[in-house]
Undergrad: 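Please find one structure pasted underneath; my questions will follow.
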Amino acid sequence: MQYLLLIYENEGLGKQRSDAENKKVFGGYMEFTEAIKTSGHLRGGDALEPVATATTVRVRDGKTLTTDGPFAETKEQLGGYYLIEAKDLDEALKIAARIPTAETGSIEVRPVMVWE
Amino acid sequence: MGVHHAQIQRVVRQHYGAVLARLVRSFGDLHLAEDALQEALTAAYLQWSDGAIPDSPRAWLLTTARHKAVDEVRKRVLRGEKHEQILREQTDQAATTPEDAFAIGDDMLRLMFTCCHPALEPSAQVALTLNAVAGLRVEEIARAFLVPVPTMAQRLVRAKRKIVAAKIPYVVPERTELAPRTHGLLRVLYLIFNEGYSSSHGSDLIRAELCEHAISLAREVTGLLPEDGNSIGLLALMLLQDSRRAARVDGAGDLILLEEQQRQLWDQARIAEGSALTEAALRLSPRAPYAIQAAIAAVHAAATRAEQTDWRQIVGLYDHLLQVEPSPVVALNRAVAVAMAHGPKAGLSLIVEIEDELAGYHLLHATRGELLRRAGQHAPAREAFERALALCDNDVEKRLLKKKLATVSD
């Protein structure tokens with residue numbers, strides 16, 4: 001069973017942290033990624049550029065509308081994701097809880113739809 | 001001869017959760033298990049009402065439902081769905097059913113943990129537990145919680161869909177997770193109990209049944225986790241509270257406070273069982289919050305008249321409870337006990353400390369009003385009762401507050 005772990009955090013937090021603290025978070029991510037690669041859970045994942053770089057596209061009546069910014073303004077922003085393989089939700093939640101910024105932000109765990 | 005419908009219903013209820021749990025375990029599919037059990041129930045009502053209830057209704061239901069489920073899986077295989085593996089395992093198992101029909105406890109626990117999974121919304125946890133484990137129909141749960149039937153049905157469907165889609169497992173949590181997850185499960189049972197015990201809506205009958213369900217589910221849990229003092233404590237607490245059922249409401253449906261209750265109406269059998277379980281729970285886990293709460297209820301139960309209540313012991317128990325589970329509500333209850341032991345002024349000075357935290361809680365103001373009244377300060381008492389009334393949304397409690405207000409209004 002695959003789960004997408006969506007990593008949300010207030011982008012301001014990254015700027016508030018000292019260089020040393022940010023380095024520690026980054027190191028934590030490196031370590032976590034390596035660990036779930038070794039344990040065979042990792043299927044994919046990336047960090048994203050800040051929402052200031054986002055563009056939202058909608059097609060209405062055949063017309064493409066392009067707007068600057070994310071589709072909705074939220075307190076915490078999507079900053080990255082992991083795609084993992086886990087045996088059930090409990091295992092996925094346990095892995096999600098190990099993501100370094102789970103302590104400062106939120107991780108949304110979404111099952112990937114299975115087509116029968 | 002024939003068997004009465006209500007009698008069959010009682011027997012069916014008693015075994016519903018256990019049979020469903022085993023079916024879910026075997027087939028790994030909640031919908032399939034529920035449908036198969038539903039068919040078996042229909043068959044049971046038909047066959048049993050014309051004859052007799054079999055010696056082992058649980059084995060009968062399980063075997064019948066299992067055959068129905070195997071039939072369904074066969075149909076699915078014929079339609080080209082991938083179920084061969086399950087089918088092979090099931091036809092093997094179906095032959096060996098009756099003997100293991102009673103070794104079902106573990107499956108029950110798994111199902112309860114699934115229903116009370118923290119990934120599900122709390123109200124859905126309660127509804128699912130009543131539906132899947134206690135065997136209540138959607139209409140009954142909707143009536144008990146005063147929710148329209150379609151709303152309740154929708155809540156259950158959504159929760160069941162999430163169990164399947166997100167793959168919430170049917171397992172007893174690992175050791176590291178067991179304590180918090182058990183706590184969550186117990187909280188659901190206590191919510192069910194409190195809905196029956198304290199809510200202002202629903203008929204007395206429906207509410208008494210909810211308490212019964214909560215108590216019998218807690219019994220199951222204590223049977224399955226015999227070393228868990230908190231589970232035993234919760235069972236004890238519910239029994240001790242339920243022992244006052246007949247005494248706590250008057251003819252008009254108004255609440256009667258503990259100190260004004262006719263104690264000869266208390267159910268002594270429940271008190272005896274609850275008190276013995278409290279001791280057992282505290283021996284196993286002296287720091288278990290439900291066990292300590294049960295101990296407080298047991299001290300009340302031991303007093304044949306309100307004046308004989310050992311308030312000093314109750315204060316000591318609240319001290320202990322505050323240590324293991326600090327909360328402003330516990331601190332409020334402790335303040336009441338202190339007031340009873342050492343006078344209203346001692347209690348009032350403690351309430352000042354939690355006033356800000358509980359500013360929106362009607363019972364804080366109700367308690368403050370009562371202690372002010374006892375201290376002879378009628379004007380501030382009136383103000384406090386009025387605040388409490390404005391914050392309270394329970395009709396039964398509101399009537400009680402109005403009575404209190406009248407005693408300080410000249």
Side-chain angles (χ1 to χ4, degrees), chain A residues 1-9 28 31-32 34-46 71-72 74-116, chain B residues 24-25 27-32 72-73 75-87 106-107 109-122 124-125 128 158-185:
Chain A
M1 182 90 182
Q2 293 197 339
Y3 296 87
L4 191 63
L5 313 182
L6 299 155
I7 303 162
Y8 287 88
E9 194 188 45
E31 213 172 287
F32 169 75
E34 202 48 45
I36 60 169
K37 194 189 276 175
T38 313
S39 62
H41 292 106
L42 184 69
R43 288 291 173 274
D46 277 299
F71 89 97
T74 47
K75 268 191 204 145
E76 293 186 317
Q77 296 80 31
L78 182 64
Y81 69 93
Y82 284 102
L83 180 65
I84 61 159
E85 176 75 36
K87 81 174 194 300
D88 53 35
L89 182 65
D90 282 357
E91 191 179 35
L93 294 176
K94 254 167 93 176
I95 292 169
R98 285 163 51 204
I99 293 178
T101 52
E103 284 177 30
T104 43
S106 319
I107 315 297
E108 182 176 322
V109 179
R110 293 279 293 269
V112 172
M113 197 182 273
V114 182
W115 298 98
E116 303 234 14
Chain B
V24 170
R25 169 88 183 287
F27 292 87
D29 182 332
L30 182 59
H31 294 296
L32 178 69
E72 175 58 28
V73 172
K75 277 185 217 152
R76 289 186 189 181
V77 171
L78 284 177
R79 285 201 302 262
E81 296 170 31
K82 39 181 181 181
H83 277 280
E84 282 107 316
Q85 188 60 35
I86 298 177
L87 183 63
D106 248 19
D107 294 335
L109 199 57
R110 278 172 229 259
L111 185 59
M112 277 197 221
F113 274 117
T114 305
C115 292
C116 302
H117 197 284
L120 300 168
E121 194 209 340
Q125 294 178 27
L128 262 181
R158 206 181 301 139
K160 287 175 185 173
R161 206 178 286 150
K162 180 163 183 186
I163 290 176
V164 176
K167 207 169 173 198
I168 294 179
Y170 292 96
V171 291
V172 173
E174 297 166 27
R175 271 179 83 88
T176 49
E177 293 289 306
L178 191 58
R181 290 287 308 278
T182 304
H183 208 283
L185 189 155

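Predicted, not measured: the structure shown is a model, and the values here were computed from it. Lettering follows sequence order; numbering is per chain, from 1.
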Undergrad: Would you say A/D90 and B/E174 make side-chain contact, with heavy atoms under 4.5 Å?
TA: no
Undergrad: What option among B/P118, B/A165, B/A119 has the most heavy-atom pairs under 4.5 Å with chain A?
TA: B/A165
Undergrad: Using non-hydrogen atoms and a limit below 4.5 Å, what part of residues 104-113 of chain A faces chain B?
TA: A/P111
Undergrad: Do A/L93 and B/E177 have side-chain heavy atoms sitting under 4.5 Å apart?
TA: no
Undergrad: Test your reading of the model: is there a side-chain donor-acceptor pair from B/K167 to the backbone of A/M1, 3.5 Å cut-off?
TA: no
Undergrad: Could you list the residues that satisfy side-chain contact (heavy atoms from CB on, under 4.5 Å) with B/R175, not counting sequence neighbours?
TA: none
Undergrad: Is A/K94 close to chain B through its backbone or its side chain, or both, or neither, when contacts mean heavy atoms under 4.5 Å?
TA: side chain
Undergrad: Please say whether more than 12 non-hydrogen atoms of neighbouring residues, nucleotides or ligands are located less than 6.0 Å from CD in B/E121.
TA: yes
Undergrad: Above 12 or not: heavy atoms from other molecules or residues under 6.0 Å from CZ of B/R161?
TA: no
